[in-house]
Amino acid sequence: MKITPEERNAVYKTIFSRRDVRREFKPAPIPKDVLERVLLAAHHAPSVGFMQPWDFVLVTKPDSKRQIKQGFLQAHAEAAERFEGERKEQYKRLKLEGIEEAPLGICVTCDRNRTGPVVLGRTAKPEMDLFSSVCAVQNLWLAARAENLGVGWVSIVHDKVIRDTLNIPESIDIIAYLCVGYVEAFHDTPDLERAGWLPRRDASSAIHYEFWSEPTAE
Ligand SMILES: Cc1cc2c(cc1C)N(C[C@H](O)[C@H](O)[C@H](O)COP(=O)(O)O)c1[nH]c(=O)[nH]c(=O)c1N2
């Protein structure tokens, strides 16, 4: 099956216009068929040894969101102390989650024992199962964008809060907590870029031919 130029353009459009969304979530629920398509796309991610270590815990109860939001507030306050001076003040001004505003939360997990102790492709690099679940996150993120759904990844929460709130067993790793919902708009550039936190690196500085090369001073 060949991808047509129009289809290729749609893929690139989706990739380049995907954003991490923390604000402007609309409360409208996500139709079941739309959510099923997005989750099916996530489930079709690549995985080491085809172990498919992920699960998706769907969170809609206000009480659960409230608990996770409380966890965010605590971790966020701790995080602020790690920055200094103006950077700290800038950090505190950033909006870094939409836990209660988004109609849906999705916790993506990784079952590191899913297919037994020896996994094809994991023998030299055991962390490959975790990376596989991250591939599922990215598939979900892009499929959601193609459905005009915003996704925001919230990692400023200790695992224990999410584990306790969602009753996730100790044997399962927590990979991501995602806020999902329709949004007012997708911005052209990342929030952190617009806020002056960091610029996008020049793409060419990330590409090295054959050997590692230090970035040249501009
Ligand atoms: C593993 C991981 C973890 C986080 C993020 C991303 C990833 C990949 N990002 C989103 C991040 O800030 C964002 O992707 C970049 O700023 C680039 O913006 P776009 O995603 O292109 O809009 C993120 N954003 C945020 O507001 N709160 C958070 O806790 C996190 N955590």
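Whatever order the structure lists them in is the order used to number ligands and atoms, beginning at 1.
- In this structure, atom 7 (C) of ligand 1 lies nearest to the protein heavy atom W153 CE3, 3.8 Å.
- Salt-bridge check for D20 with R22: passed, with a basic side-chain N closer than 4.0 Å to an acidic carboxylate O.
- A salt bridge does not link E184 with R23: none of the charged nitrogens is closer than 4.0 Å to a carboxylate oxygen.
- Between R200 and ligand 1, no N or O atom pair is found at a separation short of 3.5 Å.
- Residue R18 places at least one N or O, backbone or side chain, under 3.5 Å from an N or O of ligand 1.
- In summary, the side chains of Q74 and H158 do not present any donor paired with an acceptor at a separation below 3.5 Å, with no hydrogens or angles considered.
- For atom 15 (C) of ligand 1, no protein non-hydrogen atom is found at a distance below 4.0 Å.
- At a 4.0 Å heavy-atom cut-off, ligand 1 touches R19 through backbone and side chain alike.
- Checked against a 3.5 angstrom limit, the closest N/O atoms of D20 and ligand 1 fall inside it.
- Between K95 and D191 there is no salt bridge, since none of the side-chain N atoms of the basic residue sits less than 4.0 Å from a carboxylate O of the acidic one.
- Between S155 and ligand 1, a contact under 3.5 Å exists for at least one N or O pair.
- With respect to atom 27 (N) of ligand 1, the closest heavy atom belonging to the protein is L96 O, 3.0 Å.
- Using a 4.5 Å heavy-atom cutoff, the side chains of L104 and L149 are not in contact.
- Side-chain contact between H44 and L40 is present, with heavy atoms from C-beta onward closer than 4.5 Å.
- Looking at atom 17 (C) of ligand 1, its nearest protein heavy atom turns out to be P190 CB, 3.8 Å.
- Not a single heavy atom of E193 sits closer than 4.0 Å to an atom of ligand 1.
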Q67 vs S64, side-chain hydrogen bond (donor to acceptor under 3.5 Å, both in side chains): CA-CA, chis, key distance, verdict: CA-CA 5 Å; Q67 259 175 268; S64 307; 5.6 Å; no

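- Under 4.0 angstrom from ligand 1, the non-hydrogen atoms of L192 all belong to its side chain.
- Shortest contact from atom 12 (O) of ligand 1 to any protein heavy atom: R22 NH2, 3.1 Å.
- Per-residue contacts place I156 under 4.0 angstrom from the following atoms of ligand 1 (heavy atoms of the residue considered): 29 (O).
- Within 6.0 Å of CG on L192 lie more than 12 heavy atoms contributed by other residues, nucleotides or ligands.
- We find that R163 and D173 are not joined by a salt bridge, their nearest charged nitrogen and carboxylate oxygen being 4.0 Å or further apart.
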